[in-house]
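Owing to the predicted nature of the structure, the values given are computational and were not obtained by experimental measurement.
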Amino acid sequence: MRAFGFAESTSSLEHTFQKEANFLGMAERGGSLAYRVYLDTGTFQAIEECGGYVFGEDDLPRVEDYALGKAPQVIMRPDGALILESLRDIFLFDDRAHFDWVVSPASLAEIDAANDFHRSRYAREVLEHTDMCLSEKPPEQEAASMASIMCNPLFGSISQKDRKLLVEAAATQCDIFLTIEKKLPKQADTILKKINLQIATPMTFWEMLRPYIRGL
């Protein structure tokens, strides 16, 4: 089961990947692309609200496309277009890479708190994918230790809400914590020094993936 799927597309972006770019095998680069990616609540909301664009079906949404006060939060941001473009690139890349996508009880609780039926239902569809991934490749023993480290007072400057998500990301042995929040990435180096969890925005995650594409 795939949590997300890129649309059958003839977009210029799809042609770029298929015709101009070569997806590099990991044997050539000597690493692993078996990423397990945790979606924080804001990132999940952006994907759900702007999925038509992220998955290659629609044009980039604009504020004026929505009724007053109904525009997704992400497109109200100065960097909103860049966030969505990066997410689109990531999921197109994932059509070949097949990452594990993770939502957890803490993120599900935050999603449900918004009282958006469609978003909550979508989150449960992704949760099914998460459960399947965890069943096929359960977290190793070190994951529990990493989760315990995230409870350390060293991380007291991180909000309790974010720490809950980070603990569950560590417990499921995620490699990437994907966030569109502005404060949390500033803690990325501190976290990475203690546990193997990379805090990444869509832009920085895409930059991590770009070396595996030739021709862009």
Side-chain angles (χ1 to χ4, degrees), residues 3-7 9-18 20-21 23-24 33 35-97 99 101-103 107 110-111 114 116 119 122-123 126 158-159 162 165-166 169 174-189 191-192 197-216:
F4 306 103
F6 208 84
S9 171
T10 56
S11 70
S12 59
L13 180 62
E14 181 78 359
H15 282 305
T16 296
F17 274 73
Q18 289 183 346
E20 299 177 17
F23 187 81
L24 297 181
L33 266 183
Y35 283 131
R36 181 167 285 175
V37 184
Y38 189 96
L39 298 171
D40 85 341
T41 310
T43 306
F44 184 88
Q45 181 175 340
I47 293 168
E48 190 272 334
E49 290 183 324
C50 302
Y53 175 76
V54 170
F55 298 114
E57 298 173 340
D58 300 331
D59 293 332
L60 183 69
R62 302 171 300 173
V63 174
E64 52 266 33
D65 295 333
Y66 298 86
L68 185 64
K70 298 296 184 180
Q73 293 181 15
V74 65
I75 66 173
M76 302 291 289
R77 293 175 48 158
D79 59 350
L82 187 56
I83 288 171
L84 294 176
E85 288 165 2
S86 297
L87 286 170
R88 181 180 169 101
D89 288 344
I90 289 165
F91 281 107
L92 182 52
F93 188 100
D94 180 56
D95 252 17
R96 300 191 186 187
F99 299 145
W101 298 98
V102 175
V103 295
S107 57
E110 290 188 7
I111 291 165
D116 185 310
R119 190 177 306 150
Y122 189 38
V126 179
I158 300 174
S159 72
D162 285 341
L165 301 183
L166 288 163
C174 289
D175 307 289
I176 304 291
F177 186 97
L178 195 60
T179 181
I180 62 172
E181 301 301 322
K182 297 178 180 179
K183 293 182 179 179
L184 190 56
K186 297 176 182 178
Q187 302 284 342
D189 289 342
I191 292 170
L192 192 58
L197 179 63
Q198 177 72 55
I199 310 302
T201 66
M203 291 76 82
T204 56
F205 187 32
W206 173 236
E207 288 305 311
M208 291 170 60
L209 300 177
R210 282 185 66 90
Y212 298 98
I213 296 290
R214 279 199 302 242
L216 294 182

With side-chain contact (heavy atoms from CB on, under 4.5 Å) as the test, would you mind laying out the steps for Glu110 and Leu165 before giving the verdict?
CA-CA 10 Å; Glu110 290 188 7; Leu165 301 183; 4.1 Å; yes

Under the side-chain contact (heavy atoms from CB on, under 4.5 Å) criterion, do Leu39 and Val102 qualify, and how do the steps go?
CA-CA 6 Å; Leu39 298 171; Val102 175; over 6 Å; no

Might you work through the side-chain contact (heavy atoms from CB on, under 4.5 Å) test for Ile90 and Leu209, ending with a clear yes or no?
CA-CA 8 Å; Ile90 289 165; Leu209 300 177; 4.2 Å; yes

CA sep, side-chain torsions, deciding dist, call: Phe55, Arg88, side-chain contact (heavy atoms from CB on, under 4.5 Å)
CA-CA 6 Å; Phe55 298 114; Arg88 181 180 169 101; over 6 Å; no

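A search for side-chain hydrogen bond (donor to acceptor under 3.5 Å, both in side chains) contacts involving Gln187 returns Ser157, not counting sequence neighbours. By the ring pair (Phe, Tyr, Trp, His ring centres under 6.0 Å) test, Tyr38 is found to be paired with Phe177, residues two or more places apart in sequence or in another chain being considered. Legend: residues meeting side chain to side chain contact (heavy atoms under 4.5 Å, CB included) with Asp116, ordered by chain and number and at least two apart, are His118, Arg119. Checked against side chain to side chain contact (heavy atoms under 4.5 Å, CB included), Ser86 has the following partners two or more places apart in sequence or in another chain: Leu82, Pro202, Met203, Trp206.
When atom types are taken as modelled, the side chain of Thr43 and the backbone of Leu178 share a donor-acceptor pair closer than 3.5 angstrom.
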Can you give the donor-acceptor pairs under 3.5 Å from side chains of residues 60-79 to other protein atoms, not counting sequence neighbours?
{"residue": "Arg62", "atom": "NH2", "partner": "Asp65", "partner atom": "OD1", "Å": "3.4"}
{"residue": "Asp65", "atom": "OD2", "partner": "Arg62", "partner atom": "N", "Å": "2.8"}
{"residue": "Arg77", "atom": "NE", "partner": "Asp79", "partner atom": "OD1", "Å": "3.0"}
{"residue": "Arg77", "atom": "NH1", "partner": "Ile180", "partner atom": "O", "Å": "2.7"}
{"residue": "Arg77", "atom": "NH2", "partner": "Asp79", "partner atom": "OD1", "Å": "3.4"}
{"residue": "Arg77", "atom": "NH2", "partner": "Asp79", "partner atom": "OD2", "Å": "3.0"}
{"residue": "Arg77", "atom": "NH2", "partner": "Ile180", "partner atom": "O", "Å": "3.1"}

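Checked options Phe91, Phe44, Tyr122, Tyr35; the residue passing with Trp101 is Phe91 (criterion: ring-ring contact (aromatic ring centres under 6.0 Å, His included)).
To the nearest 0.5 Å, the span separating CE on Met208 from CG on Asp175 amounts to 8.5 Å. Separating the CG atom in Asp89 from the CZ atom in Arg210 is a distance of 7.5 Å, to the nearest 0.5 Å. The OG1 atom of Thr204 sits 8.0 Å away from atom CD1 of Ile176, with the distance rounded to the nearest 0.5 Å. Separation of atoms OG (Ser159) and CG (Leu184) is listed at 7.5 Å; rounding is to 0.5 Å. Between the CD atom of Gln45 and the CG atom of Asp40 there is a distance of 10.0 Å, given to the nearest 0.5 Å. We find the CD1-CD1 distance between Ile191 and Ile199 to be 4.0 Å, quoted to the nearest 0.5 Å.
For the pair Thr41 and Ile111, the minimum side-chain heavy-atom distance is below 4.5 Å.
Nearest heavy atom pair, residue Val103 against residue Ala123, reads CG2-O, 3.9 Å.
Within the cation-pi definition used here (under 6.0 Å to the ring centroid, within 45° of the axis), Arg36 does not qualify as a partner of Phe99.
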